[in-house]
S.K.: 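Questions regarding the structure given below will be posed in turn.
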Amino acid sequence: MRASLEVDLAGLRLRNPTILASGILGSSLSLLKRVEEAGAGAAATKTITADPREGYPNPVFVDLGFGYLNAMGLPNPGVEEFSRLIAEARRLLKIPVIASVGGGGGEEFLLVAERVLEAGCDAIELNLSCPHVSGYGLEVGSDPELASRIAGSVKSISSKPVFAKISIHQSELGVVEKVIGSGVDGITAINTIRAMAIDVDSMKPILSNIYGGLSGRCIRPIALAVVYRIHGEFPDIPIIGVGGVEDWKSALEFILAGASAVGIGSEIARKDLKIFSETVQGLEEFLAERGFRSITELRGYAHKI
Amino acid sequence: MRASLEVDLAGLRLRNPTILASGILGSSLSLLKRVEEAGAGAAATKTITADPREGYPNPVFVDLGFGYLNAMGLPNPGVEEFSRLIAEARRLLKIPVIASVGGGGGEEFLLVAERVLEAGCDAIELNLSCPHVSGYGLEVGSDPELASRIAGSVKSISSKPVFAKISIHQSELGVVEKVIGSGVDGITAINTIRAMAIDVDSMKPILSNIYGGLSGRCIRPIALAVVYRIHGEFPDIPIIGVGGVEDWKSALEFILAGASAVGIGSEIARKDLKIFSETVQGLEEFLAERGFRSITELRGYAHKI
Amino acid sequence: MTYIRGVVEEVRKLAEGIREYLVKLEREVSPVPGQFAMLWMPRVGEIPLSFADADGSRTRFIVARVGRVTGFIHERIGEGSRIYLRGPLGRGFTQVSGRRCLLVAGGYGLAPLYFLAKRLRGRGCHVKALLGFKSDREAFYREEFGELCEVGVAVEEGSAGFRGTAVDLLEKVLERESFERVYTCGKEEMMIEVSRRCLDRGIPVEASLERYIRCGVGICGSCVLEPLGLRVCRDGPVFDGAILLRLDEERVCHDR
Amino acid sequence: MTYIRGVVEEVRKLAEGIREYLVKLEREVSPVPGQFAMLWMPRVGEIPLSFADADGSRTRFIVARVGRVTGFIHERIGEGSRIYLRGPLGRGFTQVSGRRCLLVAGGYGLAPLYFLAKRLRGRGCHVKALLGFKSDREAFYREEFGELCEVGVAVEEGSAGFRGTAVDLLEKVLERESFERVYTCGKEEMMIEVSRRCLDRGIPVEASLERYIRCGVGICGSCVLEPLGLRVCRDGPVFDGAILLRLDEERVCHDR
Ligand SMILES: Cc1cc2nc3c(=O)[nH]c(=O)nc-3n(C[C@H](O)[C@H](O)[C@H](O)COP(=O)(O)OP(=O)(O)OC[C@H]3O[C@@H](n4cnc5c(N)ncnc54)[C@H](O)[C@@H]3O)c2cc1C
Ligand SMILES: Cc1cc2nc3c(=O)[nH]c(=O)nc-3n(C[C@H](O)[C@H](O)[C@H](O)COP(=O)(O)OP(=O)(O)OC[C@H]3O[C@@H](n4cnc5c(N)ncnc54)[C@H](O)[C@@H]3O)c2cc1C
Ligand SMILES: Cc1cc2nc3c(=O)[nH]c(=O)nc-3n(C[C@H](O)[C@H](O)[C@H](O)COP(=O)(O)O)c2cc1C
Ligand SMILES: Cc1cc2nc3c(=O)[nH]c(=O)nc-3n(C[C@H](O)[C@H](O)[C@H](O)COP(=O)(O)O)c2cc1C
Ligand code: FES
Ligand code: FES
């Protein structure tokens, strides 16, 4: 008997626990389709704002050798256009489509959430944590009261599961407690970490925006600790673990720490889209070899010590 | 004419801007001496608590390939013994000795500070930010009010410069503003970042303490952003930039971001003690090649854009 | 660490708005023709450029002035200037051996094809290049290609030689000569025409495409070819001519 | 990624409280004799152990039961058990060629010296080993060394053979034979004596020291030899015999 990788994520049924992380390829219908074909269990869209955003000028991305720095500036065509994309994605894709909702304040979050729900998204992820777009993300999410008000108001209009995406630039547990209190169905942890790079030869910051977000394998130990702590405190809350997943082992680290599913993002830069099928296959083989029936048996296993 | 690497750090004269970071080799007199011989401009001690601490059992250290994880548990012989060491160090060493002061609350900080000042340390660094010892470090430092009260009380008894060492698990700028308000002379940024590693083969956390602190080159982009932000907001405050310095280029990144000096810590694991002389030589050559007279000309240079 | 530093050794004005930069890099790179680099000008911008040649740590770029960054380069980058690049990125042209190959290039599309011509020659191919320009003032690299292979030049508003587009010239050449593979780089409409005419005759085509490049490594989605789900920066920039025809069809369908 | 996984292929009880573990690792390691590994037992602990042999991905360890982790290993680790290690760490013995070498080992100090004997033999050295044990019950590896070199065995409370310490035996051997280099591993007092007697005779000595190992890579300071500023995990564990004598002097001064 083959081991099952199916997971239930706050009511969403995923064929396997790998999810395309928000901001990665997720503003193109055809790329979302390709990610499904590559084996992902679900896909998050790029964060959607009410109005179109151009994003920042180049350079917006740095490969540091151990991870990545980006400051795209939340480029997206705005909720109008993006809703069409979501509606089409819903027709074209079998896997759940998670709409990443952004905003400069409670009203924008609510407006965007309303529209993407109408468009048929399967879940909402509130981006409370982008660390490098002024007025958005973290600047909203690091105020626990505001964060929970936003979460509560979106939850109140949503029949679909709502996830709150958090960062470490805040008392994580504090924010998590607040947003759980306001009714969200799950937590996505973590977003990128505020960071920068300076080129010493030119003596200048590299990113046009100066600050960006650090991602990739180098943040995995940090993300894992967040997931482990949240699962320890709130064992019933579904968690999407994100940060440096690069293969089945790193995906499994998150699941053992307490994640129900994992987001895969910037390591696609090294591994390309085969990262999904390779991760899935590696997990299947591990389960079979160790005699587990289902990946769900391993959720939070590292806590049993 | 040779370019000068001398820096003034809140009144301390350093022959060059490299400082042995706290917790690295800094509880042994003979190793402090060796670090001086290796070329360091100053040396911080291991964090000192009132009573002796054994630290945690092994494993306490993980080499992740892109950085390091540690949870030593602040092992130190306590302030009694450590004061003797500082007094001897003061006789034996020419470079400034910075006493890292820890505590579970305001009283302990004050007590330890008093004793190390008596012993003759050249400066104090308040460890408000160790992320993995319960009751210490971050648990104290993430309350900005408490942090600034501690800083203020230590400052009031100290004729020597006092640095506050911060982490990113807090609104950095918030804490920095508070402790500067309470009179500290400088900021050390950053401490390790809370993190963990799980071994998927045994499905268990590696560190005996489960959580540890991430250090090494992978946290440099994060540390740099903190230093850059602090220097942008408080251009007159001396900053010791710490986190992933591994060579002259990474040291220079911090200086360009606004640091007056840099701490060198866990990358000694890869480069060993020659990291000091190599960093110093590299900086000298860079200054000469570019026609700068003094490293101080480069402080904060990356802000000029 | 993140960028490779280069120092410009020589700048040549090739034609109206077109310059060539010879760059010595701090270390060797090994691009394949068709691959590109992201060229960073600190606090100015970062743009994709094809390698026009590469030999150890010496590389060549051809830069057409079109806007902010290319304008800065034309005005401010001279001998001794430092430049910074990351790459090689993307997938280049298939390097066949011992075949009869035809190159069809327009404007700064000559850059990767010049590099390719060199390599194909080294692999014992018979190479012919058709170079298309708007006007005489914009024409360049005739001699450079001439040293490597047979050359046909088409100038739309030319005063001498073949007057017309590279596609017109291609049509004439294909009537008389046969090729086993065609490579093209230039305006997208031109490449679509080249692909159509060659594929109709059963000749495989490879074309180098352009889209707005941001991350350059295939994760941001900026450079996607809709609705094919192909990323220019990673799945390309070189694609099979058939891909271009599908793109064109979709465009036509969409426009209706 | 962080630890190398191994599977125990064979366990042998060598003597009272001493066991040998043959381990197959998931990948090859190339330790030098005298280097050590940190052996991790998940949620139990992590301890330093010398490589007693290594050949590709097969390694051997000798474990003396002294406390919590070694007790766990003796009781719970059998054939098929998984173990985890990081290393090789530290600086091993100097591997000379074509010399007359003497090894002086006590207790589990035999481990690195057995590995060394093998390597020295491979380099054409003439090797003699003196093995010291407290009692017959604790003696082991006589045959293993016997297959590689000349062996002298000293047992303090022995029933047969040379009765006395390894140092006593060394004294006798040095009266009759000459060596160009001496290697020693065992109790620190023994190694100090060995160093003194050999250095007095002008014979260079190398000794493998122990201190409490935590980070294992030279940054925590736990394993420092005061007041020399040397770290066992990084500058050692193998040091020149002269270092041991300086350590001893300092100790004596300090005790006064
Ligand atoms: C794979 C590839 C290889 C290329 N090779 C060459 C070459 O060898 N020589 C050459 O002269 N040009 C080349 N280009 C085109 C070159 O990148 C653009 O001309 C350049 O980016 C314009 O920058 P700008 O700041 O001067 O223009 P801007 O003022 O910023 O914009 C003008 C136009 O340039 C284009 N452009 C701007 N930024 C980008 C970007 N990041 N990615 C793609 N297009 C952009 C857009 O069409 C834009 O409308 C190549 C493009 C690609 C995608
Ligand atoms: C470089 C080196 C190589 C060694 N090689 C071998 C070997 O090949 N075979 C062998 O049997 N033993 C070897 N040892 C000794 C071995 O590491 C200890 O016996 C073991 O760590 C004891 O662990 P425990 O948990 O059983 O003891 P515990 O109950 O924890 O403590 C008992 C005693 O063991 C020693 N010890 C415990 N932990 C450590 C540690 N982390 N580092 C150093 N000493 C420790 C201390 O002296 C302690 O007092 C070596 C030690 C070093 C430093
Ligand atoms: C290029 C890029 C763009 C991103 N855009 C978004 C975004 O729009 N919204 C969001 O919530 N997270 C965004 N992220 C963060 C990722 O979703 C993810 O949380 C983070 O990168 C850590 O995961 P990783 O290490 O797998 O990349 C982006 C990350 C990258 C690298
Ligand atoms: C093994 C180890 C022990 C440390 N102990 C202390 C400590 O006692 N007090 C403290 O303030 N920081 C301590 N730190 C943090 C370092 O001083 C430094 O802030 C951090 O490691 C980042 O710098 P690095 O990347 O150069 O190591 C320790 C770090 C390591 C790796
Ligand atoms: S430029 Fe980002 S995917 Fe191609
Ligand atoms: S064990 Fe840490 S320095 Fe040796």
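This is a predicted model, so every value here is computed, not measured. Numbered from 1 within each chain, the chains take letters A, B, ... in sequence-line order.
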S.K.: Could you check which of A:Ile206, A:Leu273, A:Leu32 has the highest count of heavy-atom pairs closer than 4.5 Å to chain C?
M.R.: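 Option with the top pair count is A:Ile206.
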
S.K.: Would C:Glu193 and C:Lys187 pass as an ion pair if we require N to O under 4.0 Å?
M.R.: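 No.
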
S.K.: Looking at C:Arg234, C:Glu226, C:Arg68, which has the largest count of heavy-atom pairs under 4.5 Å with chain A?
M.R.: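 Answer, by heavy-atom pair count under 4.5 Å with chain A: C:Arg234.
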
S.K.: Counting only non-hydrogen atoms closer than 4.5 Å, does C:Arg5 touch chain A with its backbone (N, CA, C, O), its side chain (CB onward), both, or neither?
M.R.: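 The answer is the side chain of C:Arg5.
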
S.K.: Among C:Arg82, C:Arg60, C:Arg58, whose salt bridge (charged side-chain N to carboxylate O under 4.0 Å, His left out) with C:Glu9 holds?
M.R.: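 The salt bridge (charged side-chain N to carboxylate O under 4.0 Å, His left out) with C:Glu9 is passed solely by C:Arg58 among C:Arg82, C:Arg60, C:Arg58.
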
S.K.: Please state whether the side chain, the backbone, both or neither of A:Leu69 comes within less than 4.5 Å of a heavy atom of chain C.
M.R.: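 Neither part.
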
S.K.: For A:Asp272, which atoms come within 4.5 Å of any heavy atom of chain C: side chain, backbone, both, or neither?
M.R.: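 Answer is both: backbone and side chain atoms of A:Asp272 are under 4.5 Å from chain C.
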
S.K.: Is it true that C:Arg246 and C:Glu249 have a side-chain N and a carboxylate O under 4.0 angstrom from each other?
M.R.: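 Salt bridge between C:Arg246 and C:Glu249, a charged N being under 4.0 Å from a carboxylate O: no.
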
S.K.: Looking only at the side chains, is there a donor atom on one of A:Ser100 and A:Lys46 sitting less than 3.5 Å from an acceptor on the other?
M.R.: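 There is no such pair (donor and acceptor under 3.5 Å, judged by atom type) between the side chains of A:Ser100 and A:Lys46.
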
S.K.: With a cut-off of 3.5 Å and sequence neighbours excluded, list every side-chain donor-acceptor pair involving residues 103-110 of chain C.
M.R.:
{"unit_1": "C:Tyr108", "atom_1": "OH", "unit_2": "C:Glu210", "atom_2": "OE1", "d": "3.1"}
{"unit_1": "C:Tyr108", "atom_1": "OH", "unit_2": "C:Glu210", "atom_2": "OE2", "d": "2.7"}

S.K.: If the threshold is 4.0 Å, N to carboxylate O, is there a salt bridge linking A:Arg270 and A:Glu246?
M.R.: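 A salt bridge is present here (some side-chain N lies under 4.0 Å from a carboxylate O).
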
S.K.: Return yes if some donor-acceptor pair links the side-chain N/O of A:Asn191 with the main-chain N/O of A:Asn127 below 3.5 Å, else return no.
M.R.: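 No: the side chain of A:Asn191 does not pair with the backbone of A:Asn127.
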
S.K.: How would you list, in number order, the residues of residues 13-23 of chain C that have a heavy atom less than 4.5 Å from chain A?
M.R.: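 Within residues 13-23 of chain C, near chain A: nothing under 4.5 Å.
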
S.K.: If you tally heavy-atom pairs under 4.5 Å against chain C, which of A:Ser28, A:Gly55, A:Ser266 wins?
M.R.: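 Among the listed options, the one with the most contacts to chain C is A:Ser28.
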
S.K.: Among A:Ser202, A:Ala197, A:Pro57, A:Pro75, which has the most heavy-atom pairs under 4.5 Å with chain C?
M.R.: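 Ranked by contacts with chain C, first place is A:Ser202.
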
S.K.: Under 4.0 Å between a Lys/Arg side-chain N and an Asp/Glu carboxylate O for A:Arg34 and C:Asp235?
M.R.: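 Yes.
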
S.K.: Given the options A:Gly265, A:Ser27, A:Ser208, which has more heavy-atom pairs under 4.5 Å with chain C than any of the others?
M.R.: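 The option with the most such pairs is A:Ser208.
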
S.K.: Without hydrogens or angle criteria, can the side chains of C:Tyr3 and A:Asp199 be said to hold a donor-acceptor pair below 3.5 Å?
M.R.: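 There is no such pair (donor and acceptor under 3.5 Å, judged by atom type) between the side chains of C:Tyr3 and A:Asp199.
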
S.K.: So for A:Lys204, is it side chain, backbone, both, or neither that comes closer than 4.5 Å to the heavy atoms of chain C?
M.R.: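 Contact with chain C is through both the backbone and side chain of A:Lys204.
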
S.K.: For C:Asp53 and C:Lys118: C-alpha separation, side-chain torsions, deciding distance, then whether side chain to side chain contact (heavy atoms under 4.5 Å, CB included) applies.
M.R.: CA-CA 8 Å; C:Asp53 203 353; C:Lys118 267 193 149 173; 2.6 Å; yes

S.K.: Examine whether an atom of C:Leu230 lies under 4.5 Å from a heavy atom of chain A, and if so say whether it belongs to the side chain, the backbone or both; otherwise answer neither.
M.R.: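 Contact with chain A: backbone and side chain both.
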
S.K.: Is it the side chain or the backbone of C:Leu228 that comes within 4.5 Å of chain A heavy atoms, both, or neither?
M.R.: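 The answer is the backbone of C:Leu228.
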
S.K.: Using 30° and 60° as the class boundaries, would you call the ring planes of C:Phe51 and C:Phe61 parallel, tilted or perpendicular?
M.R.: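 Correct class here is tilted.
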
